[in-house]
Amino acid sequence: MKKVLNITSAWYLAVGVAVGVVLPMLLTLANANDVVKIGVSLFVVNVIYAIAVGVVVGKSNHSLIFVFFFPIIFAIGVLFHLFQSVMILFALIYLCLSLLTWGISKN
């Protein structure tokens, strides 16, 4: 079993927090309307990040646990009302995207 608590996990956590929690907070502070917040954050940045994490973890043979960091962080952010509670389903979508791209990039 590979060591999970190292600098690599710190990077995955830091970028996951930046994309999953800080970005929605910045969009809220910038008084962005809901269409911009949902369009930019949920459908563009987060989808690209979820896919990128799956590819990076798969290609670099990092532990599969890193794929779970971002969806969990995003779900925690939703629970703290960064988005409406129905948006927690996006955490499952991001997890599925990361797992699919992880599986594709393993070969």
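To the nearest 0.5 Å, atom CD1 of residue I51 and atom CG of residue N46 are 11.0 Å apart. Going from atom CD1 of I88 over to atom CD1 of I93 covers 12.0 Å, rounded to the nearest 0.5 Å.
Of all heavy-atom pairs between A50 and T101, the closest is O-OG1, 4.1 Å. Nearest heavy atoms, G54 versus S105: O-OG, 3.4 Å. Summarising the geometry of M87 relative to F74, their closest heavy-atom pair is O-CE2, 3.5 Å, with the distance given to 0.1 Å. The two residues S9 and N6 make their nearest non-hydrogen contact at OG-O, 2.7 Å. A pairwise comparison of heavy atoms in G16 and I73 identifies O-CG2, 3.7 Å as the closest pair.
By the side chain to side chain contact (heavy atoms under 4.5 Å, CB included) test, L23 pairs with L27, S41, V45, sequence neighbours left out.
Cluster annotation: V19 and F80 are assigned to the same hydrophobic cluster (Ile/Leu/Val/Met/Phe/Trp/Tyr, side-chain heavy-atom contacts under 4.5 Å, transitive). Residues L100 and L92 do not share a hydrophobic cluster, clusters being chains of Ile/Leu/Val/Met/Phe/Trp/Tyr side chains in contact below 4.5 Å. If you chain together hydrophobic residues whose side chains sit under 4.5 Å apart, I7 and V67 fall into the same group.
Using a 30° and 60° split on the angle between ring planes, F66 and F69 fall in the perpendicular class, above 60°.
Using a 4.5 Å cut-off on side-chain heavy atoms (C-beta onward), L99 and L64 make contact.
The distance between the ring centers of F43 and F90 falls below 6.0 angstrom.
Judged purely by atom type and a 3.5 angstrom limit, Y94 uses its side chain to pair as donor or acceptor with the backbone of L42.
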